*Asks:* 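After the structure tokens below, expect a handful of questions from me.
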Protein chains: 2
Amino acid sequence: MPADTPPTSKDVAAAAGVSQSTVSMVLSGKWPGRVSARTAQKVRDTAERLGYRPNPAARNLRLGRTRTIMLVVPTITAPFFASVYIGAARVAAEHGFSLVVFTWPLELDMPFDGPQEAIDGMLASSMAEASLSGMRRPVPLVMLDSDPDGGAPTVNFDIEGAMEDLTGHLFSLGHRRIGHLAADIDVWTFQCRAAALEARVPDVVTERAAISITDGFEAAMRLLSRADRPTALICDDDTLAVGAHKAARALGLDVPGDVAITGFDDVVLAEALEITTVRLPAERLGAQAMLGLLDLLNGRTPPRPVLPAELVIRRSTSPSAALTTGSGPVGQPG
Amino acid sequence: MPADTPPTSKDVAAAAGVSQSTVSMVLSGKWPGRVSARTAQKVRDTAERLGYRPNPAARNLRLGRTRTIMLVVPTITAPFFASVYIGAARVAAEHGFSLVVFTWPLELDMPFDGPQEAIDGMLASSMAEASLSGMRRPVPLVMLDSDPDGGAPTVNFDIEGAMEDLTGHLFSLGHRRIGHLAADIDVWTFQCRAAALEARVPDVVTERAAISITDGFEAAMRLLSRADRPTALICDDDTLAVGAHKAARALGLDVPGDVAITGFDDVVLAEALEITTVRLPAERLGAQAMLGLLDLLNGRTPPRPVLPAELVIRRSTSPSAALTTGSGPVGQPG
DNA sequence: CTGAAAGCGCTTACAG
DNA sequence: CTGAAAGCGCTTACAG
């Protein structure tokens with residue numbers, strides 16, 4: 001065996017004095033009943049001694065599968081998607097799969113023409129299923145935080161229920177003029193927030209912003225400069241809520257005295273600024289989606305879970321600072 | 001060609017009426033001078049029509065390389081490492097490589113026994129080179145934000161220079177009693193901060209904390225409860241700085257009036273809370289490291305760049321609120 | 001209980 | 001200018 005090239009199963013076979021097929025049988029764990037225990041032990045020892053690792057490319061070629069799953073997310077820099085990754089990667093690892101991330105629309109600004117690596121399945125979060133074109137063939141797919149009517153199995157949050165809780169909370173504090181600081185992205189998850197909110201607050205006033213602190217700031221400035229200034233801002237995302245928070249301060253408005261502010265996600269930023277938010281369990285989302293994909297790969301029909309989203313009440317909607325002009329019941333336990 | 005299996009180069013060859021080798025030549029772009037332009041066009045059209053994509057496993061096996069790089073980071077949920085990934089992935093894509101992330105120590109709590117996928121090279125950030133054991137063979141490696149004396153080429157930040165700027169800034173505001181809120185992780189990047197700080201402030205008082213808001217809060221409480229309370233806290237990381245900020249508020253101390261606070265990284269949290277920090281260009285770090293790895297793969301010796309780290313002065317050390325007891329020059333332009 | 005052989009889908013000398 | 005053939009390192013029928 002040459003020293004500068006990794007050992008192959010052939011090398012192990014030669015060193016152990018057995019055939020290549022025996023090595024393969026033993027190391028894949030399918031040997032009992034077909035190879036003697038003594039031979040098996042000898043093979044394992046030899047493999048260990050030589051530092052043998054099966055060549056993944058050869059195995060993939062032979063088996064026609066890779067035990068690799070691709071996770072497609074709009075961006076990995078957002079903590080939300082990083083958590084989705086963690087959840088999915090954990091479940092994948094528990095089942096001997098590995099997970100690669102593909103960010104798209106990539107900050108690189110390149111078209112998604114399908115994975116260049118060989119994958120057995122795909123998870124895609126918070127995007128339109130139709131945008132995943134260019135696959136060389138249909139790949140088992142689970143969509144996360146996406147339109148449940150898209151064809152692929154989905155894992156979603158109970159946005160309806162969360163919006164019910166959120167508006168109920170604000171109503172109980174006496175809020176009646178509510179503004180919606182909406183994400184300026186045309187995907188299902190945000191359409192869903194808007195629909196659920198408008199169903200409960202028909203006269204909601206809406207401003208749109210790209211998901212960044214500065215854009216959130218400017219859109220919130222517009223909302224808070226209106227003659228009929230909203231007393232509460234429901235933001236589609238914690239980042240927007242931070243921008244709104246800044247805007248309120250810039251206008252000399254007290255939070256929550258003059259204006260209440262809420263977000264979505266519950267990223268660390270919301271915790272740091274004590275912003276009331278709807279906690280979306282991103283890690284669970286990733287884990288559930290991977291479980292569903294494993295179902296799919298095993299020929300089973302995955303469930304389409306809808307994960308509960310918890311309202312986390314913090315200082316930015318503190319009951320103690322509730323509007324005194326409100327007519328609803330005030331101070332119900334959070 | 002069966003309908004439910006992806007087309008192979010054999011299928012393309014048959015459909016185009018040429019040999020498999022001609023297909024390969026044409027699609028790899030090595031055909032000029034060896035295949036007629038007309039044949040080449042025919043092959044390309046046929047491949048397009050059939051939706052042919054080369055099988056990566058077969059190509060990898062044949063070529064013995066994968067054009068895949070693995071990035072090893074302690075965690076992907078920290079925005080810093082997400083940015084490192086973005087920078088490295090961009091350069092990788094520009095050179096036809098793909099980048100897979102491996103988080104380690106994984107939240108999964110599993111040992112790093114080398115990548116299960118086949119990789120051509122590795123980037124590892126903010127960890128000890130020695131901890132990367134278990135590789136089946138030496139893999140081309142570039143270390144990021146790590147000990148430059150570890151053997152592998154490195155890409156680092158100018159922590160020394162940053163600490164010079166930072167302490168200079170605090171001195172100029174009149175600060176003399178300085179506390180160090182240090183990350184409780186024994187890796188080079190934090191040892192480096194401590195050494196650089198102690199060289200400039202020999203009587204610095206240090207408390208350690210795990211990198212989280214709550215742990216930072218508690219360690220800061222200890223620092224700020226001392227009889228000789230520091231007038232400035234240098235935190236190893238923005239997250240710790242946020243904890244320190246909370247602690248100051250909890251103790252009724254004004255920031256920066258009673259205590260100045262600084263961080264490292266310049267994540268969005270620092271911007272939102274207006275915390276003075278040392279901006280570490282994470283994306284550039286990732287990009288430079290990937291360029292170095294490409295050098296390595298091409299047999300060249302990569303440079304070992306040291307990236308400048310910029311002091312970003314914000315409200316948490318605002319000159320206008322500088323200590324009035326200070327003896328140094330106050331209010332130098334930021 | 002063990003081995004010889006086929007074949008996964010590529011790329012690249014080699015032959016013509 | 002084009003094709004037939006070898007071989008990358010596996011796994012799995014198949015034969016004994």
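Just so you know, these numbers come straight off a predicted model, no measurement behind them. Lettering follows sequence order; numbering is per chain, from 1.
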*Asks:* Holding to side chain to side chain donor-acceptor pair (under 3.5 Å), I want the full list of residues that pass it with B:S212, two or more places apart in sequence or in another chain.
*Replies:*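 Side chain to side chain donor-acceptor pair (under 3.5 Å) list for B:S212, sorted by chain: B:T214, B:D215.
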*Asks:* To the nearest Å, how far apart are A:R67 CZ and D:dT11 P?
*Replies:*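 Interatomic distance, CZ of A:R67 to P of D:dT11: 13 Å.
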*Asks:* Not counting sequence neighbours, which residues clear side chain to side chain donor-acceptor pair (under 3.5 Å) with A:S126? List them please.
*Replies:*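 A:S126: side chain to side chain donor-acceptor pair (under 3.5 Å) contacts with A:D145.
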*Asks:* Could you tell me how far apart A:R59 (CZ) and D:dC8 (P) are, to the nearest whole angstrom?
*Replies:*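 Whole-Å distance recorded here is 19 Å.
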*Asks:* Residues in side-chain contact (heavy atoms from CB on, under 4.5 Å) with A:P308, at least two apart?
*Replies:*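 Testing A:P308 for side-chain contact (heavy atoms from CB on, under 4.5 Å), a comparison that skips the adjacent residues, returns A:R284.
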*Asks:* For B:M127, is there any backbone N or O sitting under 3.5 Å from a side-chain donor or acceptor partner on B:S146?
*Replies:*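 At least one qualifying donor-acceptor pair exists.
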*Asks:* Would you kindly give the NZ-to-P distance between A:K10 and C:dG3, to the nearest whole Å?
*Replies:*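 Roughly 15 Å, once rounded to whole Å.
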*Asks:* Could you tell me the separation between the CZ atom of A:R53 and the C1' atom of D:dG9, rounded to a whole number of Å?
*Replies:*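 In whole Å, D:dG9 C1' lies 15 Å from A:R53 CZ.
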*Asks:* Sequence neighbours left out, what passes side chain to side chain donor-acceptor pair (under 3.5 Å) with A:R62? Give chain and number order.
*Replies:*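 For A:R62, no residue satisfies side chain to side chain donor-acceptor pair (under 3.5 Å) once neighbours in sequence are set aside.
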*Asks:* Hey, does the side chain of A:R304 reach the backbone of A:N156 with a donor-acceptor pair shorter than 3.5 angstrom?
*Replies:*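 Checking the backbone N and O of A:N156 against the side chain of A:R304, no donor-acceptor pair under 3.5 Å is found.
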*Asks:* Which pairs, protein N/O on one side and nucleotides 12-16 of chain C N/O on the other, fall under 3.5 Å?
*Replies:*
from: C:dT12; atom 1: OP2; to: B:K30; atom 2: NZ; distance (Å): 2.9
from: C:dT12; atom 1: O4'; to: B:R62; atom 2: NH2; distance (Å): 3.3

*Asks:* Considering just the side-chain nitrogens and oxygens of B:S9, establish if one lies under 4.0 Å of OP1 or OP2 belonging to C:dC10.
*Replies:*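 Yes, such a contact exists.
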*Asks:* Please report the distance, rounded to the nearest Å, between CG in B:N60 and C1' in C:dC10.
*Replies:*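 Going from CG in B:N60 over to C1' in C:dC10 covers 10 Å.
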*Asks:* Expected output is a numbered-order residue list: members of residues 35-44 of chain A with a heavy atom under 4.0 Å from any atom of DNA chain C. What is it?
*Replies:*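 Contacts with DNA chain C under 4.0 Å: A:V35, A:S36, A:T39.
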*Asks:* Taking only residues two or more places apart in sequence, or in another chain, which ones meet A:A289 in a side-chain contact (heavy atoms from CB on, under 4.5 Å)?
*Replies:*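 A:A289 satisfies side-chain contact (heavy atoms from CB on, under 4.5 Å) with A:L123, A:V142, A:L144, A:V155 only.
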*Asks:* Can you list the residues that meet the side-chain contact (heavy atoms from CB on, under 4.5 Å) rule with A:A78, with sequence neighbours excluded?
*Replies:*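 Partners of A:A78 under the side-chain contact (heavy atoms from CB on, under 4.5 Å) test: A:T75, A:F81.
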*Asks:* Nearest to the side chain of B:A58 - C:dC10, D:dC8, C:dG3?
*Replies:*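 Within the option list, the nearest is C:dC10.
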*Asks:* Which residues pass the side-chain contact (heavy atoms from CB on, under 4.5 Å) test with A:S83, not counting sequence neighbours?
*Replies:*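 side-chain contact (heavy atoms from CB on, under 4.5 Å) list for A:S83, sorted by chain: A:A282, B:T77.
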*Asks:* It should be established whether B:S19 places a side-chain nitrogen or oxygen under 4.0 Å from OP1 or OP2 of nucleotide D:dG3.
*Replies:*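 Affirmative; the distance criterion is met.
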*Asks:* So, using salt bridge (charged side-chain N to carboxylate O under 4.0 Å, His left out) as the criterion, who are the partners of B:R38 when residues are at least two apart?
*Replies:*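 Partners of B:R38 under the salt bridge (charged side-chain N to carboxylate O under 4.0 Å, His left out) test: none.
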*Asks:* Tell me, please, which residues at least two apart from B:R59 pass side chain to side chain donor-acceptor pair (under 3.5 Å).
*Replies:*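 Partners of B:R59 under the side chain to side chain donor-acceptor pair (under 3.5 Å) test: none.
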*Asks:* Where does DNA chain C pair, written as one dot-bracket string 5' to 3', with Watson-Crick or G-U pairs under 3.5 Å, ( ) inside the strand, [ ] for crossing pairs and | for another strand?
*Replies:* |||.||||||||.|||
*Asks:* To the side chain of A:L61, which of C:dC10, D:dC10, C:dG9 is closest?
*Replies:*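 Among the listed nucleotides, the one closest to the side chain of A:L61 is C:dG9.
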